[in-house]
Amino acid sequence: MTNDEIAHIFNSIADILELKNDNPFRIRAYRKAALVMNDLPDDASRLREKGKLGAIPGIGKDLSAKIEEYVQTGKIATFEELKKEFPEGVLAILSIPGMGPRTSRLLYDTCGIDSIEKLETYARTGRLKGIKGIKDKTIVNILKGIALKRSIQGRFPLGTALPLGEAIRDELKGVRGVGSIELAGSIRRRKETVADIDILVTADELKPLMDRFVQLKDIERVLSHGATRSSAILRGTHIQIDVRVVEKDSFGAALAYFTGSKAHNIKLRELAIKKGFKLNEYGVFDTNNDRKIAGSSEQGVYEALGLQWVPPELREDQGEIELALGHGLPELVAVGDIRGDVHLHTIYSDGNSTLSQMARHAESLGYRYIAITDHSPSLGIARGLDPGKLRSQMQEIDAFNRRSRGIRVLKGMEVDILGDGRLDMDAALLDKLDIVIGSIHSGFKQSGEQITGRLVKAMSTGLVDLIGHPSGRLIGERDAYEVDWGTLFDAAKQYRVAMEINSFPLRLDLSDVMIRKARSRGLKFMTTTDSHDPKQMRYMDYGVSAARRGWLGEGDVVNTKDRKDFVRWLKGDR
DNA sequence: GCCGTTTTCGGCCCGACTGTTTTCAGTCG
């Protein structure tokens, strides 16, 4: 993706400018622009064609020219020049926790340290001693930082971090004097990957809580241990976890503050200043007399600023504050709105439970219907169903429904979209099913044109109701295949095919950003779990979170309909 | 470098923790 490359360059420019001790606001502008680029649903080259580069907030005249330059030439001259000023290794040193621009620059200037390896050697052999401001403790911390960087590479999937955070939160709940306790940060915003876990607490006594936290058996190493804030690294995953204690009457302000995002917070504070207030993690204060106006509840903080309370999933400075000012935020879909899980596997293919086990579990979760959608034959590894097995499964479903007084089971298939765009099952048989999910499971390396062609051809048959995991990505493991999303979404609109929001934590496919893009074209969605086991059905939370991050309401998600209307939709009333 | 319903110039978010200081700078979130 060009956008990622540009974001990376902008961040590198910011790094170099920091080393040069350049104007901090200029540096911030580059950092902000990098964030904006990462969240853009459209490729920069496409935006450039449409002449829309200048319209992106945070990207002004200068930076849009640099983006343009990159799209045309593959390079940004300013960056090429700046790169000459410092060896690449100095930038790598900046990425070590605890190593900022000041120290990195100092060591480069005084000792010529220009790589992490060299830094490590100097630290180990005592050659850093005697440099102004560097004593034994600093040297130990530099070595710790290097080790930490090597152990924690990158971000963690929400599906990994959320359960860990919930477990720690629940352990701390029991500590003497603990009042409110909440997960904050990007976990609360349900971002698909998170860098760390933030926990916010109110407590009558500080010491027992912090002491308990740093002694938890899951803690591998303590990074800091203060009265109101402590940080540690979790065993196994090496994910960082921060615990902060605040006063009861500041809990709401602190929760807002630590939930972020950074861009959302900055906008809130700017709004506060315009109103003659000051906003920090302790509350909203009147600048004239320092009187506290709000702080105990998050709701109160937003109200004091003249805003509607903003659901955490929307807090990315993507227009939510402007809408909250006019109390015009959309009503988001909630997990309780979902009436049926319509992408499930059984022992007929690669699932490990029977259809009645899946149905009974779905019933216990409160669903009104499910769809059994096992694989088609070409997916040999998943023991895909041939026509004969599909027919016998259909009979078993009829039998189940005759017996069942509660939940209804719909007949379906997750049919492979083959390399040439044909569907991997007889059309006549697919036509008898209630729901057909068309998915790509092979030929990931085809060109964007080919993949897009396959998907469009599959939709044009009129047999497919839903495109399964439309991008094919596995978070942190496999990139999305190349797709021309504009063409795909236009075709989906034309053939009235819905997009899946696959809740499997490693997939989350479509992603929040693409959901927003698809929604803007008027597409419909289904949130599903793709469960191969009853236990996996609880993943629906993740898909609904992605839907909320994509600004979807109940009306955008087809499987919020009751059974009759859902089936009516499937039969063509769309 | 961006941005503007008081501004096209002059602003630009705020505090905790650590380590080195002896009143503060650097880093982080």
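Quick caveat, the model's predicted, so the values are computed rather than measured. Throughout, a chain's letter reflects where its sequence line sits, starting with A, and its residues are numbered from 1.
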Closest non-hydrogen atom pair between Asp43(A) and Thr2(A), with its separation:
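Taking Asp43(A) first and Thr2(A) second, the nearest heavy atoms are OD2-OG1, 3.1 Å.
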
Answer with base, sugar-phosphate or nothing: what part of the nucleic acid does [X] contact at a heavy-atom distance below 4.0 Å?
| X | answer |
| --- | --- |
| Ala227(A) | sugar-phosphate |
| Pro101(A) | sugar-phosphate |
| Arg28(A) | base |
| Arg26(A) | base |
| Lys262(A) | base |
| Ile27(A) | nothing |

Return the value, rounded to whole Å, for the distance between atom [atom1] of [X] and atom [atom2] of [N].
| X | N | atom1 | atom2 | result |
| --- | --- | --- | --- | --- |
| Asp136(A) | dT20(B) | CG | P | 8 Å |
| Leu94(A) | dT27(B) | CG | P | 9 Å |
| Lys149(A) | dC28(B) | NZ | P | 12 Å |
| Glu270(A) | dC3(B) | CD | C1' | 10 Å |
| Ile96(A) | dG26(B) | CD1 | C1' | 15 Å |
| Met210(A) | dA16(B) | CE | P | 13 Å |
| Lys137(A) | dT27(B) | NZ | P | 18 Å |
| Leu223(A) | dT18(B) | CG | P | 10 Å |

If only side-chain N and O atoms of [X] are considered, is one of them under 4.0 Å from the OP1 or OP2 phosphate oxygen of [N]?
| X | N | value |
| --- | --- | --- |
| Asn265(A) | dC14(B) | no |
| Lys66(A) | dG1(B) | yes |
| Thr138(A) | dT20(B) | yes |
| Lys135(A) | dT21(B) | yes |
| Ser231(A) | dC17(B) | no |
| Tyr257(A) | dA16(B) | no |
| Lys278(A) | dG15(B) | yes |
| Thr103(A) | dT27(B) | yes |

When the ring planes of Tyr539(A) and Tyr542(A) are compared, do they come out parallel, tilted or perpendicular, using 30° and 60° as the limits?
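If you compare the ring of Tyr539(A) with that of Tyr542(A), the planes turn out perpendicular.
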
Looking at Asn502(A) and His469(A), would you say the former's side chain and the latter's main chain have a donor-acceptor pair under 3.5 Å?
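Not a single qualifying donor-acceptor pair exists.
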
Quick check on Glu331(A): does its CD atom have over 12 non-hydrogen neighbours (other residues, nucleotides or ligands) under 6.0 Å away?
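Atom CD in Glu331(A) is not packed in, count stays at 12 or less.
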
Can you tell if the side chain of Val90(A) reaches within under 4.5 Å of the side chain of Leu94(A), non-hydrogen atoms only?
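Side-chain contact under 4.5 Å: no.
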
If we only count heavy atoms from C-beta on, is the Glu5(A) to His8(A) side-chain gap below 4.5 Å?
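Side chain of Glu5(A) against side chain of His8(A), heavy atoms only: no contact under 4.5 Å found.
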
For the side chain of [X], starting at C-beta, report the closest nucleotide among [options].
| X | options | answer |
| --- | --- | --- |
| Ser224(A) | dT18(B), dG1(B), dA16(B) | dT18(B) |
| Tyr30(A) | dG1(B), dG29(B), dT27(B) | dG1(B) |
| Arg102(A) | dC14(B), dC2(B), dT27(B) | dT27(B) |
| Asn141(A) | dG15(B), dG1(B), dG19(B) | dG19(B) |

When rounded to the nearest Å, what value does the distance between [atom1] atoms of [N] and [M] take?
| N | M | atom1 | answer |
| --- | --- | --- | --- |
| dG15(B) | dG10(B) | C1' | 25 Å |
| dC12(B) | dT7(B) | C1' | 13 Å |
| dT21(B) | dG26(B) | C1' | 12 Å |
| dG11(B) | dA16(B) | C1' | 26 Å |
| dT6(B) | dC2(B) | P | 23 Å |
| dC28(B) | dT23(B) | P | 25 Å |

Only one of Phe10(A), Phe79(A), Phe25(A) passes ring-ring contact (aromatic ring centres under 6.0 Å, His included) with Tyr30(A); say which it is.
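Between Tyr30(A) and the candidates, ring-ring contact (aromatic ring centres under 6.0 Å, His included) is satisfied uniquely by Phe10(A).
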
For DNA chain B, whose closest nucleotide is more 5', that of Arg229(A) or that of Ile266(A)?
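Going by which nucleotide is closer to the 5' end, it is Ile266(A).
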
Hey, which sits more toward the 5' end of DNA chain B by its nearest nucleotide, Lys61(A) or Ile273(A)?
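Residue closer to the 5' terminus by nearest nucleotide: Lys61(A).
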
Pairing check on dA25(B): which nucleotide meets the Watson-Crick or G-U wobble criteria with it, both distances under 3.5 Å?
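When the pairing criteria are applied, dT18(B) turns out to be the nucleotide that pairs with dA25(B).
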
Just to verify, which of Arg315(A), His264(A), Lys267(A), Gln308(A) counts as forming a side chain to side chain donor-acceptor pair (under 3.5 Å) with Glu320(A)?
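The option that passes is His264(A).
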
Kindly say whether, by distance alone, the side chain of Asn23(A) makes a donor-acceptor pair under 3.5 Å with the base of dG1(B)?
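By the distance-only test, yes, there is a pair.
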
